[in-house]
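Below is one structure, written out as structure tokens; comments come after it.
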Amino acid sequence: MKREMEKTYDPKKVEERTYKWWKENGWFKPEVNPDGKPYTIMMPPPNVTGQLHMGHAFDDTLQDTLIRYHRMLGEAALWMPGMDHASIATEVKVLDKIKNETGKTKQELTREEFLEEAWDWADTYRNRIREQIEKLGASCDWDRERFTMDEGCSNSVKRAFEDLYKKGLIYKGSRIINWCPDCRTALSDAEVEYEEQAGHMWHIRYPIKGEEGRYVTVATTRPETMLGDTGVAVNPNDERYQDLVGKTVILPLVGREIPVVADDYVDMTFGTGVVKMTPAHDPNDYEVGKRHNLEEINIMNEDGSLNHLAGEKYEGLDRYEARDVIVKELDELGYLDHIEDHVHNVGTCYRCGTTVETMTSEQWFVAMQELAKPALEAVKEGKTRFIPDRFTKTYNNWLENIRDWCISRQLWWGHQIPAYTCKSCGEVIVGDQPKSCPTCGSTTLIQEEDVLDTWFSSGLWPFSTLGWPAETEDLKKFYPNSALVTGYDIIFFWVARMIFMGLFEMGEVPFEDVYIHGLIRDSQGRKMSKSLGNGVDPLEVIDEFSADALRFSIITGNAAGNDIRWQEEKLTASRNFLNKLWNAARFTLMNLEETIPEIDDASLEESDKWILSRMNRVVSEVRENMDKYELGLAAQKAYDFTWNEFCDWYIELVKPRLYGEDERSKNAAQHTLNLVLTNILKMLHPVIPFITEEIYGYLPEHGEALIIESFPQTDEALDFPQEERDVNYLMDVIRAIRNIRKNLNVPNSKKASLYYKTDDREKEAILKRSHPMLMKLASVSEEMPAALPDEADLKKYTSAVAGGTEIFLALDDLVDKEKEIQRLSAEKEKLEKELVKVSKKLENPGFVQKAPEAVVNKEREKKAAFEENLKKITDRLKDL
RNA sequence: GAUUCCGUAGCUCAGCUGGUAGAGCGCUACGUUGACAUCGUAGAGGUCGUUGGUUCAAGCCCAAUCGGAAUCACCA
């Protein structure tokens, strides 16, 4: 039974039902193509901190488009979904929630109480996010869904930690690190964001010991850190301070005697050329301090207040309170020279925005030198390729200047560091929890309190999700992954780490291609952010415009690596396209029977061959673009073909045949309509899966489901260059007639007879056999087009040159001689300009000699055509 | 300071290995022709930021420069 398509497409009804149907049939699984070569994408796991935002929609749409395309190519396509526990981000949110509900702070909770809440939170958000990803139409294999803190991923983390530790690439030690006083944890370098802030530069006098009244002036932006000063440094080449080197100064307020050292680090031209050294609170001072054996005095508590090492007087003061107090005292005691305004970059916590403190602290680190090298090498050798290529530079730059990675976090939510210390003998055991100490046999083993940086587990994602360290079938089949799709904002956090972790553990890069996309910005080009409240909710967009419209808007007009500026107009345009597609299908279906007529190739007419030939070319271009990750171009080409060629021309050209008496012609048209529509659906399916699947179900002889159909292939048998030329000629004629009619304001109801002047028998034949189309599309009269009689009164005709033939419309008294002359003159002028351009080119001996023959021939043909047209127009103007 | 990106129609953006500048929206004028007014038809609109260079040929390659943005590193 043939089903009627509804007059309008209702995405709400279709999308939910279709998604369920796909999922229930297991079509998201790589097993649908058991013999296909594996194609794998790991979904960048969304954080379980909130809900899906436009960035995810962008990311996931790109991936789904790729996955669906490769599935249709017959590959065993696996899109592995999952979510990230997002250690610090989630902990902040869960603590907020607890605070709001019970008033308890972290200090008032036990780890167990907290973890119970956190797991609840994670479960809730995982479910929510999963539903949201489904709404987008994401064809990922939910049965394989993973979570960075599930048992398998946790095992991977333990194993990786152990392996790195045993190779000496993980160590524990006291180093200078970034500390967030609000989150009360260490942070890695990548987790610190710098922002410019207006501040001050305080110039402070440090008296020189044994030289009454003499002092050096140091300049600092952080006067409170002077309590931790253990030296003063000058440049060894600075003549002003030559005699000071080796002497001792007395630290004001504290009274500590500290040395003056010489170090190249000091810039003579900046400030006073004398720098106070606070090795425990400044990364540069730390380095200088190491070189000169300066003491490290950490004067700060975890919350950013000063500790007892700062001195009794200041202990307990917040760092900013302390600054005020100290400046005031320095001033009162005459140590403050002066204050300048100064703009500088201040590091802030990427999660809470608090100004971070640099301080020395006992933490766990990953030694990066040895890991970075192969990671750089692999990309250099092209084992992993960035798309677009420019991000290779970003990646290299970061890895070449990498410092050791601080991986311990003083948090509760995350993977607790798998290191155990024996209480009796002090032995450290790493990896799985041991029952007893292998050295002394003691059973009292204390695990590290801290958890790991959230990016440690994400770094294992390409293989932890496949079962590693177990040697599973999935791991063998799907590692290395084919592509990774992610934003440029996490190249450092994530991409680089996956590459060095993958190389270290698996001995192979984790993925072949890294497709880097940009950010979605608001209509004014600003980042979408919660604080600005300018975010667009993808779910609301889906609700209003459909998931397909959202996807199409995201894919078209965007090139890899570029940001997207959000415009609602684009959604309207996408929705309109869906409507167009729906209606083109509806038209086709209305004109098809329950079965597609069998035809022999000989019954195909020129318009059939033209559209098939065009379709064939578009198919090959779309495939080429898809293979090169030019998704925007691929979608654009499919769009143009559908709208401008199939709808605007083929459907219109074919109407007279569908309504006519000639069964053979009608059948050929029906056959072609069905074939072209089917291929359009297939080409568009990766981008707009719902509507294409829905329409596909209405086709008379459809297969099981479009999602598992094959992507169209280029077919040499469908290459019809002659028919393409002929139909282009017909289109030129139709356009020319329409143009004339618009110019003279002739309504379509007023039919006009068509005449021509040409020696070209072939073109004459085309005009004659296209008479039905000309009647329909150009309001030509029922009189068969004919050669213009010699005795015709030219004043009663209007004319144009189309495709090298002169055509005439008998419009009698409607012909306005003035307008006619105007129109033809304008045309003449245009042609003359073009002719000059082409002639110049051809007169240039360099061009004729050096340009490829095909290009030269093309120019010659162009010139001939221009000349011919020009002659005809000139003649016509003379006649008038 | 280093690196990168962007500058193309009124707006938002495409533009492939260099070979006659494109789309959507907007604008003008027509239009209820048996899929679609979420539409059709015809049209207007561009010295591709600027200046040099390479080339037979440059929006595309090179250099410089102006304007906007981003990332990294920072001088206390």
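Atom set for the values below is all heavy atoms of this structure, side chains included, hydrogens, waters and symmetry mates excluded. Naming convention: chains lettered A, B, ... in sequence-line order (proteins, then strands); numbering from 1 in each chain.
- In terms of phosphate contacts, A/Trp643 brings a side-chain nitrogen or oxygen within less than 4.0 Å of OP1 or OP2 of B/G40.
- Separating the C1' atom of B/G68 from that of B/C27 is a span of 28 Å, rounded to the nearest Å.
- Look at the P atom in both B/A21 and B/A63: the space between them is 26 Å, to the nearest Å.
- The aromatic rings of A/Phe492 and A/Trp398 lie parallel to each other, their planes meeting at an angle below 30°, with 60° marking the opposite boundary.
- Panel note: side chain A/His281, backbone A/Thr358; a donor-acceptor pair is recorded below 3.5 Å.
- Residue A/Arg575 places none of its side-chain N or O atoms closer than 4.0 Å to OP1 or OP2 of B/U38.
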Protein-nucleic acid N or O pairs under 3.5 Å, nucleotides 4-11 of chain B:
unit_1: B/U4; atom_1: OP1; unit_2: A/Lys393; atom_2: NZ; d: 2.8

Output one line per pair: protein atom, nucleotide atom from nucleotides 54-61 of chain B, and distance, for all N/O pairs under 3.5 Å.
unit_1: B/C56; atom_1: OP1; unit_2: A/Lys850; atom_2: NZ; d: 2.1
unit_1: B/C56; atom_1: O4'; unit_2: A/Gly846; atom_2: O; d: 3.4
unit_1: B/C56; atom_1: O2'; unit_2: A/Asn844; atom_2: ND2; d: 2.6

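- Regarding contacts with the backbone of B/A69, every side-chain N or O of A/Tyr488 stays at 4.0 angstrom or more from both OP1 and OP2.
- Distances shorter than 4.0 Å separate none of the side-chain N or O atoms of A/Lys628 from OP1 or OP2 on B/C16.
- Under a cut-off of 6.0 angstrom, the local environment of CD in A/Glu661 is sparse, with at most 12 non-hydrogen atoms contributed by other residues, nucleotides or ligands.
- Checking B/U65 for Watson-Crick or G-U wobble geometry (two distances, each under 3.5 Å) identifies B/G49 as its partner.
- Between A/Asn743 and B/A42, a side-chain N or O to OP1/OP2 separation shorter than 4.0 Å is absent.
- Taking the ring axis of A/Phe866 as reference, the NZ or CZ atom of A/Lys833 does not stay both within 45° of it and closer than 6.0 Å to the ring centre.
- If you check distances only, the side chain of A/Lys742 does reach the base of B/U41 with a donor-acceptor pair under 3.5 Å.
- Remark: the separation of the C1' atoms in B/G67 and B/G49 is 8 Å, to the nearest Å.
- Spacing between B/G43 and B/U47 at atom C1', rounded to whole Å, works out to 23 Å.
- The distance from atom CD of A/Glu861 to atom P of B/G19 is 18 Å, rounded to the nearest whole Å.
- When the C1' atom of B/C36 is taken as reference, atom CD1 of A/Ile680 falls 15 Å away, rounded to whole Å.
- Ring-plane geometry between A/Phe577 and A/Trp643 is classed as parallel, the angle between the planes falling under 30 degrees on a 0 to 90 degree scale with a further cut at 60.
- For A/His342, a side-chain nitrogen or oxygen approaches OP1 or OP2 of B/A76 to under 4.0 Å.
- The separation of B/C13 from B/U50, taken at their C1' atoms, amounts to 22 Å, rounded to a whole angstrom.
- As rounded to the nearest Å, B/G24 and B/C61 have C1' atoms that lie 30 Å from one another.
- Side-chain contact check for A/Leu589 versus A/Arg586: every heavy-atom pair is 4.5 Å or farther apart.
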Worked check of side chain to side chain contact (heavy atoms under 4.5 Å, CB included) between A/Arg860 and A/Asn857: CA-CA 5 Å; A/Arg860 288 206 174 109; A/Asn857 284 340; 3.8 Å; yes
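- Comparing B/U33, B/U12, B/C36 against the side chain of A/Lys7 picks out B/C36 as the nearest.
- Going from the C1' atom of B/A14 to that of B/G7 covers 15 Å, rounded to whole Å.
- Remark: B/G1 base-pairs with B/C72. Criterion, Watson-Crick or G-U wobble with two distances under 3.5 Å.
- The shortest distance between the side-chain N/O atoms of A/Arg741 and the OP1/OP2 oxygens of B/U41 is not below 4.0 Å.
- Using C1' as the reference atom, B/U8 and B/A76 are 47 Å apart when rounded to the nearest Å.
- For the ring pair (Phe, Tyr, Trp, His ring centres under 6.0 Å) test with A/Tyr395, the passing option among A/Phe386, A/Tyr488, A/Trp494 is A/Phe386; the others fail.
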Stepwise side chain to side chain contact (heavy atoms under 4.5 Å, CB included) check, A/His203 with A/Glu340: CA-CA 8 Å; A/His203 291 248; A/Glu340 285 170 5; 3.5 Å; yes
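- Across every strand in view, B/U38 sits unpaired, with no contact that passes the Watson-Crick or G-U test at under 3.5 angstrom.
- Panel note: side chain A/Arg623, backbone A/Val618; no donor-acceptor pair is recorded below 3.5 Å.
- Between A/Tyr650 and A/Phe646, the two ring planes are parallel [angle under 30°; tilted spans 30° to 60°].
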